[in-house]
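So the structure is just underneath, and the comments pick up after that.
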Amino acid sequence: MPLLVMKFGGTSVADLERIKNAAGKVKREVERGYDVIVIVSAMSGKTNELVGWVEQTSPLYDAREYDAVVASGENVTAGLMALTLQEMDVPARSWQGWQVPIQTTSAHASARFIDIPRTNIDAKFAEGMKVAVVAGFQGVSHEGRITTLGRGGSDTTAVAFAAAFAADRCDIYTDVDGVYTTDPRLCDKARKLDRIAFEEMLELASLGAKVLQTRSVELAMRYKVKLRVLSSFEDTDENSGTLVCDEEDIMESKAVSGVAYSRDEAKMTLVSVEDRPGIAAAIFGPLADAGVNVDMIVQNISEANTGGGPVTDMTFSCPTNQVARARKAMEDATAAGTIRYAQLVVDTDVAKLSVVGIGMRSHAGVAATMFKALAAEGINIKVITTSEIKISVLIDRKYMELAVQALHDAFELDKAA
Ligand code: ASP
Ligand code: MG
């Protein structure tokens, strides 16, 4: 039997009516001849509520009990989805992670898959079950404790099942009808993409386009899972939504496919830090140890200092809520005598803006177009970094929306390739 994985996010199963709507979509695929594995999220808002209860009960909670509580949201939806399907005469059964069993590492709240054995579910398909409804976001450790995968983890569960069961496709049903060239809330010319390459999606997902958990895209890319994002609130067919696929499956691409942004960035500069071998390691080692996610890094050209040896400025960016931790790491390193600098300058009013596209590999002048468009709006660029398929800049946060629109226009993203 051909097999499909269908994943329904929190808003798609927010109440009994919506579960019925989702079940209707599953039933249609069964009627088309598919066996289906349905992966469900918790009803929308549920996981936040459960996390809140844990934090109120125990501020320094035991992560094993956090997972025991937080995983329960998905259990409820899985059972309700199976019941709804049964009411529609579709033979369905629910599975919690441990029943499959979905084996994960014991890194509670951020567990990773080790194995998804097919035996139990395949045996039920062989007995005539048409739909296995699996609770997303959870698994079981080798100690036999319930684990969860980190927020948004149901996407990753879906892709992992699609890989393990060699599904024809992994359809992610959500509250938007696909992946857009940029955030439609910021730019009314944003256009839905029919296709996007895994690598582009990976950049967009990690830059804050919240449609898919980043790890799910990594996994899909590694196992070549045909991944699709589509709306659970519309009538859909095989061509709906956005297909996330291999670069080779995209006929022609523009230089830039999308514009992404992240509001909560901060820029930190160590002014006049000594310029000597090992200085970058002495700065970024402690930052990593403190759990600071450093993103952009710029080291200025070296200058002769009046006093000692040559000095330079080192600038990096990190999420705003990690600034305090980063500052402390730098102060501790100074106290320990491993680094010396004149001043630590922090700018928390910046935003990161990126253009992403596999087409950059073959199109010249992308950076120039980007910088001209920003200049035309009088927007100053504070930091620039590039990779093979991405150019990112830091700008003043107050210009973010304007900048997104300017770049969307400059790269004509409202028009198809
Ligand atoms: N319910 C979990 C969350 O809200 C997992 C998911 O929906 O993907 O993060
Ligand atoms: Mg999600």
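Every heavy atom of this structure was used, including side-chain atoms; hydrogens, water molecules and symmetry mates were not. Count residues from 1 along the sequence.
For Asp237, the CG atom is densely surrounded, since the number of other residues' heavy atoms within 6.0 Å is greater than 12. Atom NZ of Lys124 is surrounded by 12 or fewer heavy atoms from other residues, nucleotides or ligands within 6.0 Å. For CZ of Arg340, the number of neighbouring non-hydrogen atoms (other residues, nucleotides, ligands) closer than 6.0 Å is 12 at most. Residue Lys226 places its NZ atom among 12 or fewer non-hydrogen atoms of other residues, nucleotides or ligands, all under 6.0 Å distant.
Under the 4.5 Å side-chain criterion, counting only non-hydrogen atoms from C-beta, Val100 is in contact with Ile121. Inter-residue side-chain proximity for Leu407 and Leu353 is flagged as met; some heavy-atom pair is nearer than 4.5 Å. In this structure, the side chains of Phe165 and Arg118 come closer than 4.5 Å at one or more pairs of heavy atoms. Inter-residue side-chain proximity for Met1 and Phe125 is flagged as unmet; no heavy-atom pair is nearer than 4.5 Å. Counting only heavy atoms from C-beta outward, the side chains of Asp295 and Cys318 never approach each other to under 4.5 Å. Put simply, the side chain of Asp194 does not reach to within 4.5 Å of the side chain of Leu243, judged on heavy atoms. Side-chain atoms of Ile19 and Met43, non-hydrogen and from C-beta on, do get closer than 4.5 Å to each other. Considering only heavy atoms from C-beta on, Phe371 comes within 4.5 Å of Val393 through its side chain.
To the nearest 0.5 angstrom, Asp313 atom CG is 11.5 Å from Ile301 atom CD1. Taking CG from Asp249 and CD1 from Ile196, the interatomic distance works out to 14.0 Å, rounded to the nearest 0.5 Å. A distance of 5.0 Å separates CD1 of Ile279 from CD of Glu274, quoted to the nearest 0.5 Å. One finds the CD atom of Glu331 at 10.0 Å from the CD1 atom of Ile339 (value rounded to the nearest 0.5 Å). Here the CH2 atom belonging to Trp95 is positioned 9.5 Å from the CZ atom belonging to Phe161, to the nearest 0.5 angstrom.
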Chi angles and distances behind the side-chain hydrogen bond (donor to acceptor under 3.5 Å, both in side chains) call for Arg228, Asn239: CA-CA 10 Å; Arg228 199 160 65 123; Asn239 301 313; over 6 Å; no

Step-by-step side-chain contact (heavy atoms from CB on, under 4.5 Å) determination, Val311 to Tyr341: CA-CA 9 Å; Val311 293; Tyr341 54 87; over 6 Å; no

Ser302 and Asp275: CA distance, side-chain angles, deciding distance, side-chain hydrogen bond (donor to acceptor under 3.5 Å, both in side chains) verdict: CA-CA 7 Å; Ser302 186; Asp275 192 7; 2.8 Å; yes

Criterion side-chain hydrogen bond (donor to acceptor under 3.5 Å, both in side chains) on Thr148 and Gln138, from CA distance to verdict: CA-CA 4 Å; Thr148 65; Gln138 57 171 265; over 6 Å; no

Pair Thr269-Thr315, side-chain hydrogen bond (donor to acceptor under 3.5 Å, both in side chains): steps then yes or no: CA-CA 4 Å; Thr269 303; Thr315 299; 3.1 Å; yes

Verdict with supporting geometry, Asn380 and Ile395, side-chain contact (heavy atoms from CB on, under 4.5 Å): CA-CA 6 Å; Asn380 189 34; Ile395 59 169; over 6 Å; no

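Across all non-hydrogen atoms, the minimal contact from Val355 to Met360 is O-CE, 3.3 Å. In terms of heavy atoms, Ala260 sits closest to Leu204 at CB-CD2, 3.8 Å. The heavy-atom pair separating Ala82 from Arg93 by the smallest distance is CB-C, 4.1 Å. Here the closest heavy-atom approach between residue Thr147 and residue Val140 is recorded as OG1-N, 3.6 Å. Closest heavy-atom contact between Gly357 and Glu200: CA-OE2, 3.4 Å. In plain terms, the two heavy atoms of Lys352 and Met296 that are nearest each other are CD-SD, 4.2 Å.
The pair Arg215-Glu218 does not meet the salt-bridge criterion, since no charged nitrogen lies less than 4.0 angstrom from a carboxylate oxygen. Here Asp349 does not pair with Lys398 in a salt bridge; the nearest charged N to carboxylate O distance is not below 4.0 Å. Of the charged side-chain nitrogens involved, at least one lies within less than 4.0 Å of a carboxylate oxygen, so that Lys46 and Glu49 count as a salt-bridged pair. A salt bridge between Asp177 and Lys192 is absent, with no side-chain N of the basic residue lying under 4.0 Å from a carboxylate O of the acidic one. Taking a cutoff of 4.0 Å between a charged side-chain nitrogen and a carboxylate oxygen, Lys25 and Asp171 do not qualify as a salt bridge. Taking the charged nitrogens against the carboxylate oxygens, Glu199 and Arg361 do have a contact shorter than 4.0 Å, which makes a salt bridge. Using a cut-off of 4.0 Å between Lys/Arg side-chain N and Asp/Glu carboxylate O, Asp67 and Arg145 are scored as not salt-bridged. Salt bridge present: Asp396 and Lys382 bring a charged side-chain N and a carboxylate O closer than 4.0 Å. Note on Arg32 versus Glu29: salt bridge recorded, some NZ/NE/NH1/NH2 to OD/OE distance being below 4.0 Å.
Here Phe284 and Phe316 bring their ring centres to under 6.0 angstrom of each other.
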